[in-house]
Peer 1: 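Have a look at the structure that comes next, please.
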Amino acid sequence: MTTKIQVVFYSMYGHIYEMAEAVAAGAREVADTDVALYQVAELVPDDILEKSGAKAARAPFAHIPVIAAEQLKDADAVIFGTPTRFGNMCAQMRNFLDQTGGLWMSGGLVGKVGSVFTSTATQHGGQETTITSFHSTLLHQGMVIVGVPYSEQGLLNMDEITGGTPYGASTLTKADGSRRPSANELAIARFQGRHVAEIAKKLAAK
Ligand SMILES: Cc1cc2nc3c(=O)[nH]c(=O)nc-3n(C[C@H](O)[C@H](O)[C@H](O)COP(=O)(O)O)c2cc1C
């Protein structure tokens with residue numbers, strides 16, 4: 001039986017997209033998984049995206065399809081990626097989740113695995129609050145939350161500035177967005193994808 005994994009993200013400048021590809025690659029390492037990447041719909045007007053440089057930064061992932069809320073019910077596991085906005089998920093992700101009322105009413109996501117990864121500009125800019133506050137929505141939906149256990153040794157790395165939390169993978173972007181996900185952060189992201197896929201596979205087999 002194939003385990004269906006969705007990686008659902010929003011990214012304005014591509015950091016979360018890079019992490020999403022690493023998460024998806026990790027999930028693909030598990031046999032018999034079908035892994036699909038989706039982005040959530042944009043809310044920022046086009047001219048503002050153009051002025052901020054976000055439009056150009058997003059060209060590499062413009063081909064990733066925009067997901068409709070109803071599609072979530074096709075997955076065994078959903079791994080969500082969101083940049084932080086003031087220590088919370090971004091509005092685009094919140095807007096997407098707020099369209100899952102029908103799934104909430106029908107119990108469409110109950111028992112599926114849910115997992116979250118994030119990015120911040122600064123080292124202490126709210127990675128953990130972004131992920132754990134996201135978890136409330138997943139719990140209301142009846143999802144089974146999976147993070148990143150310390151068996152992923154990258155979480156213990158103190159030799160460099162790095163993201164990575166037991167709640168989910170993370171990256172640091174710098175205020176000007178010039179820092180890209182590091183090897184350690186991408187390894188943790190791959191671990192998260194693989195770990196979620198392994199657990200989803202076990203749950204789906206029951
Ligand atoms: C409105 C707004 C609020 C933000 N709030 C925070 C914050 O609280 N802490 C922080 O470290 N970075 C903050 N950032 C920076 C973003 O998290 C950063 O640009 C993002 O993680 C980059 O990921 P992306 O390239 O995938 O969009 C904020 C950015 C914006 C536009």
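Ligands are counted one by one from 1 in listed order, and the atoms in each one are counted from 1 as well. Just so it is clear, the structure is predicted and the values come from calculations on it, not from any experiment. Note that the numbering runs from 1 along the sequence shown for the chain.
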Peer 1: Using heavy atoms and a threshold below 4.0 Å, how should the contact between T173 and ligand 1 be classified: side chain, backbone, both, or neither?
Peer 2: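 The side chain, only.
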
Peer 1: Tell me: protein heavy atom nearest atom 26 (O) of ligand 1, and distance?
Peer 2: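 Heavy-atom neighbour on the protein nearest atom 26 (O) of ligand 1: S11 OG, 2.6 Å.
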
Peer 1: Within the structure, is a non-hydrogen atom of G177 found at a distance of less than 4.0 Å from ligand 1?
Peer 2: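 G177 does not count as a contact of ligand 1 under the 4.0 Å cut-off.
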
Peer 1: Compute the minimum heavy-atom distance from G87 to ligand 1 and say whether it is under 4.0 Å.
Peer 2: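 Judged by the 4.0 Å heavy-atom criterion, G87 does count as contacting ligand 1.
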
Peer 1: Apply the test salt bridge (charged side-chain N to carboxylate O under 4.0 Å, His left out) to residues R190 and E21: give CA-CA distance (whole Å), side-chain angles for both, the deciding distance (0.1 Å), then the verdict.
Peer 2: CA-CA 9 Å; R190 274 195 301 279; E21 286 286 7; over 6 Å; no

Peer 1: Taking only heavy atoms of Y13 into account, list the atoms of ligand 1 that are under 4.0 Å away from them.
Peer 2: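 Selected atoms, number and element: 24 (P), 25 (O), 27 (O).
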
Peer 1: Look only at interatomic distance and state if T122 has a nitrogen or oxygen under 3.5 Å from any nitrogen or oxygen of ligand 1.
Peer 2: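 Among all N and O atoms of T122, at least one is under 3.5 Å from an N or O of ligand 1.
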
Peer 1: Around atom 15 (C) of ligand 1, find the nearest protein heavy atom and jot down its residue, atom name and distance.
Peer 2: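 Looking only at protein heavy atoms, the one closest to atom 15 (C) of ligand 1 is A121 CB, 3.7 Å.
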
Peer 1: Would you check if V8 and V40 make a side-chain contact, meaning some heavy-atom pair closer than 4.5 Å?
Peer 2: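 With C-beta onward as the side chain, the pair touches.
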
Peer 1: Run Q71 and Q6 through side-chain hydrogen bond (donor to acceptor under 3.5 Å, both in side chains) and show every step you take.
Peer 2: CA-CA 9 Å; Q71 286 175 264; Q6 294 177 352; over 6 Å; no

Peer 1: Compute the centroid of each ring, for Y17 and then for F9, and state whether the two points are separated by less than 6.0 Å.
Peer 2: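 Centroid distance Y17-F9: below 6.0 Å, so yes.
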
Peer 1: Are the side chain of E152 and the backbone of G154 linked by a donor-acceptor contact shorter than 3.5 Å?
Peer 2: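 Confirmed, E152 side chain pairs with G154 backbone.
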
Peer 1: Would you mind checking which non-hydrogen protein atom is closest to atom 23 (O) of ligand 1, with the distance to 0.1 Å?
Peer 2: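 For atom 23 (O) of ligand 1, the nearest protein heavy atom comes out as S119 OG, 3.2 Å.
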
Peer 1: Just by distance, no angles: are the side chains of Q127 and T165 close enough, under 3.5 Å, to form a donor-acceptor pair?
Peer 2: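 Note: Q127 and T165 side chains miss the donor-acceptor criterion.
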
Peer 1: Check each atom of ligand 1 against the heavy atoms of I16 and keep those under 4.0 Å away; list them by number with element.
Peer 2: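 Counting from 1, the qualifying ligand atoms are 26 (O).
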
Peer 1: Evaluate the salt bridge (charged side-chain N to carboxylate O under 4.0 Å, His left out) criterion for residues D74 and K4: first the C-alpha distance (whole Å), next the side-chain angles of each, then the deciding distance (0.1 Å), finally the verdict.
Peer 2: CA-CA 7 Å; D74 301 333; K4 291 193 174 164; over 6 Å; no

Peer 1: Could you tell me the residue and atom name of the protein heavy atom closest to atom 27 (O) of ligand 1, and the distance to it rounded to 0.1 Å?
Peer 2: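 For atom 27 (O) of ligand 1, the nearest protein heavy atom is M12 N, 2.7 Å.
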
Peer 1: Go through the steps to decide whether Q141 and L138 satisfy the test side-chain contact (heavy atoms from CB on, under 4.5 Å), and finish with yes or no.
Peer 2: CA-CA 5 Å; Q141 289 283 9; L138 303 187; 5.6 Å; no

Peer 1: Tell me: protein heavy atom nearest atom 13 (C) of ligand 1, and distance?
Peer 2: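 Nearest protein contact, heavy atoms only, for atom 13 (C) of ligand 1 is T84 CG2, 3.6 Å.
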
Peer 1: Among all protein heavy atoms in this structure, tell me which lies nearest to atom 2 (C) of ligand 1, with the distance rounded to 0.1 Å.
Peer 2: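 Protein heavy atom at minimum distance: R85 CD, 3.4 Å.
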
Peer 1: Report, as yes or no, whether the 6.0 Å neighbourhood of atom CD1 on I161 holds more than 12 heavy atoms from other residues, nucleotides or ligands.
Peer 2: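 Open.
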
Peer 1: Considering heavy atoms of the protein only, find what lies nearest to atom 5 (N) of ligand 1 and give residue, atom and distance to 0.1 Å.
Peer 2: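 Minimum-distance protein heavy atom for atom 5 (N) of ligand 1 reads F86 N, 2.9 Å.
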
Peer 1: Around atom 9 (N) of ligand 1, find the nearest protein heavy atom and jot down its residue, atom name and distance.
Peer 2: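 Minimum-distance protein heavy atom for atom 9 (N) of ligand 1 reads G125 O, 2.8 Å.
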
